[in-house]
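Per chain, numbering begins at 1; letters A, B, ... match sequence-line order. These figures come from a predicted structure and were not determined experimentally.
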Amino acid sequence: MTVRTRFAPSPTGYMHIGGMRTALFNWLWARHNNGQFILRIDDTDQQRNMEEALGPILEAFRWLGLDWDEGPEVGGPHGPYFQSQRRPLYDAALADLLQSGKAYRDFETPAETQAQREAAEREKKVYVSSRGSLRLSTEEVAEKVAKGESFVVRLLIPRGDKVVINDHIRGTVEFDCSLMPDPVIARNDGSPLYNFATVVDDAALEITHVIRAEEHLSNTPIQVLLHRALGNKTPEWAHVPYVASPGSKEKMSKRKIDKYRSSPQFQKLFELGDQILSRLGIDSTANDLSPVMVAYYRQVGFLPAGVLNALVRLGWSLDDQTEILSLADMKRKFTLERVIKSAAGLDPDKMLSFQSHWMSQLPSHEKLQGCLSMLKQARLIDDEVDAETRAKVVRVIELAADRLRVFGDIFQLDEFFVADEDLKMDDRNFQKRVVKPDNALPLLQDLRQRLSDTENFSALPLHDLLQEFAAAKKVKAGDVFPALRLCVTGKAQGADLFQTLELLGKTCVLRRLDRGIGLAESQRDT
RNA sequence: GGCCCCAUCGUCUAGUUAGGUCUAGGACAUCGGAUUUUCAUUCCGGUAACAGGGGUUCAAAUCCCCUUGGGGUCACCA
């Protein structure tokens with residue numbers, strides 16, 4: 001039988017990074033078995049703007065290159081793929097259950113149910129449904145329905161039973177039905193609830209493997225019972241551990257971003273993100289974009305391959321060695337049996353290291369595209385890129401070399417794109433290397449002269465010139481180079497100094513040197 | 001609190017299904033050292049873990065039980 005897996009997000013307006021990993025596992029299992037991966041939208045709840053709510057989710061799939069065989073936009077033989085459009089199926093299943101007596105209309109008011117729950121809790125007893133409505137005769141029920149009395153439909157839990165599932169990841173898990181309240185499967189208006197709609201659809205879509213996060217484990221007995229009541233073949237289950245927040249075992253959650261901000265394990269990611277996003281004019285502290293969301297990584301300039309690699313290694317491993325896997329590798333090698341049982345915290349450090357690796361593998365034209373797009377968004381270059389700018393960006397990327405882990409890292413070398421007067425100065429280091437040392441200013445002034453006299457402003461001759469200069473002045477390279485770098489780039493460190501000078505060009509270097517010297521003089525005076 | 005799940009270096013993990021080859025392997029991070037005009041890279045090296053207690057066994061990280069700890073879930077949400 002063909003393997004069919006599904007990912008069934010509720011349209012919430014963003015794609016959760018943990019959900020993305022669950023989706024990835026589903027996708028991988030389907031692809032590994034030459035099966036199908038289905039996207040179904042669980043929008044049984046009343047929905048707001050679908051475009052807005054679903055857009056970011058589909059966008060995340062497209063960005064990472066995870067395609068779906070059936071679902072929104074592509075359709076398929078079992079459509080529609082929005083639960084809000086599948087009502088007739090639920091109605092039919094509900095009628096079936098009601099007729100066979102496997103479900104019943106419950107006329108108990110929510111308040112009554114609530115009171116019973118509380119009473120049970122007070123007495124430290126397990127709450128199970130009162131089933132008062134079950135004592136009603138068929139006529140009485142009909143009468144109440146006719147009178148328009150409000151009710152919900154509950155599944156009749158076979159209290160003497162046990163549900164035993166054989167989970168691909170967790171093994172045998174047992175649930176005692178005598179401890180379970182009868183779950184509501186449909187509201188008064190007949191609209192289905194999650195567990196019910198899910199079961200009807202999983203069966204209708206012929207899903208063979210339900211791969212989902214562990215938090216759904218407690219829903220599973222209800223769904224098994226529902227499948228049985230409906231006469232379905234139950235799918236196989238695989239409850240994968242959820243993605244925890246860095247350094248913890250807690251499920252990552254959008255609501256806890258403020259807490260994450262102060263977590264030491266998260267620090268690095270936030271620092272990187274804040275810095276890059278602010279250049280893009282995005283307020284990263286507003287929390288509508290955070291590391292919980294897939295979109296965050298795209299905005300900061302992460303590579304899909306790196307994100308995918310990091311995600312797949314969270315709770316899954318191929319062996320005791322393999323860390324680097326392309327999507328094609330994963331597809332070939334992924335199996336459910338090698339998914340681990342315990343929750344795994346996202347590791348920003350490791351994510352970044354995967355980025356470095358995949359960035360180093362990226363063809364240069366793709367690097368160029370990524371950086372170009374960043375620079376445009378930050379308005380550091382024009383939207384219409386002329387050949388000269390393009391060539392410059394190529395050079396800067398070469399200079400950046402492995403400092404470029406995510407596209408946003410290109411801003412570390414922004415000195416090539418900002419106007420001389422907009423160059424920001426690293427004040428602390430400027431003080432230390434230019435203002436404070438007594439010999440720095442005279443050296444820089446002499447050096448300015450030497451540079452202005454030289455004709456050949458390319459890296460190699462400049463290197464020789466600088467070395468000779470230092471030797472002639474009987475000073476160490478360390479007394480000259482950092483000061484020069486500070487003046488022309490505003491930074492204490494960066495790419496190769498001589499390449500930097502060459503690329504900046506003589507005019508620019510002299511101008512910035514003058515500016516730096518002036519700045520230092522004024523600061524010395526005061 | 002009930003039910004359910006989980007437990008190996010700081011982190012992600014290998015090893016647990018078929019107990020010995022594990023004086024517990026790898027990666028990331030970290031700390032040294034070499035290379036380098038800075039930073040980064042690269043290369044070498046180091047620190048660092050079987051939650052605790054009982055069993056079973058000639059032998060347990062691996063099997064069983066208990067304890068502890070962590071987590072998930074308990075809706076007319078999904």
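Using the Watson-Crick or G-U wobble rule with both distances under 3.5 Å, B:G2 pairs with B:U73.
Put simply, A:K251 has no side-chain N or O that comes within less than 4.0 Å of OP1 or OP2 on B:G72.
Scored by the side-chain contact (heavy atoms from CB on, under 4.5 Å) test, A:R255 finds A:S253 as partners (sequence neighbours excluded).
Looking at which nucleotide of RNA chain B each of A:A495 and A:E214 is closest to, the 5′-most match is held by A:E214. Remark on RNA chain B: of its neighbouring residues A:S353 and A:N195, the 5'-side contact belongs to A:S353, judged by nearest-heavy-atom nucleotide.
Proximity note for A:D42 (side chain, C-beta onward) versus B:C76, B:A78, B:A29: the nearest is B:A78.
A:E502 has a carboxylate O that lies under 4.0 Å from a charged side-chain N of A:R395, or vice versa, which qualifies the two as a salt bridge. Remark: A:D414 engages A:K491 in a salt bridge, criterion side-chain N to carboxylate O under 4.0 Å.
The aromatic rings of A:F498 and A:F481 stand perpendicular to each other, their planes meeting at an angle above 60°, with 30° marking the opposite boundary.
What separates CZ of A:R428 from P of B:U38 is a distance of 19 Å, to the nearest Å. The nearest whole Å value for the distance from the OH atom in A:Y90 to the P atom in B:C76 is 19 Å.
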Give every pair of a protein N or O atom and an N or O atom of nucleotides 9-13 of chain B that lie under 3.5 Å apart, one pair per line with the distance.
{"residue": "B:U11", "atom": "O2'", "partner": "A:D347", "partner atom": "OD2", "Å": "3.3"}
{"residue": "B:C12", "atom": "OP1", "partner": "A:G345", "partner atom": "N", "Å": "3.0"}
{"residue": "B:C12", "atom": "O2'", "partner": "A:R313", "partner atom": "O", "Å": "2.9"}
{"residue": "B:C12", "atom": "O2", "partner": "A:K350", "partner atom": "NZ", "Å": "3.3"}
{"residue": "B:U13", "atom": "OP1", "partner": "A:G315", "partner atom": "N", "Å": "2.2"}
{"residue": "B:U13", "atom": "O3'", "partner": "A:S317", "partner atom": "OG", "Å": "3.3"}

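Within the 4.0 angstrom heavy-atom criterion, no nucleotide atom of any strand lies near A:P482.
For A:H16 (side chain) and A:G18 (main-chain N/O), a donor-acceptor pair under 3.5 Å exists by modelled atom type.
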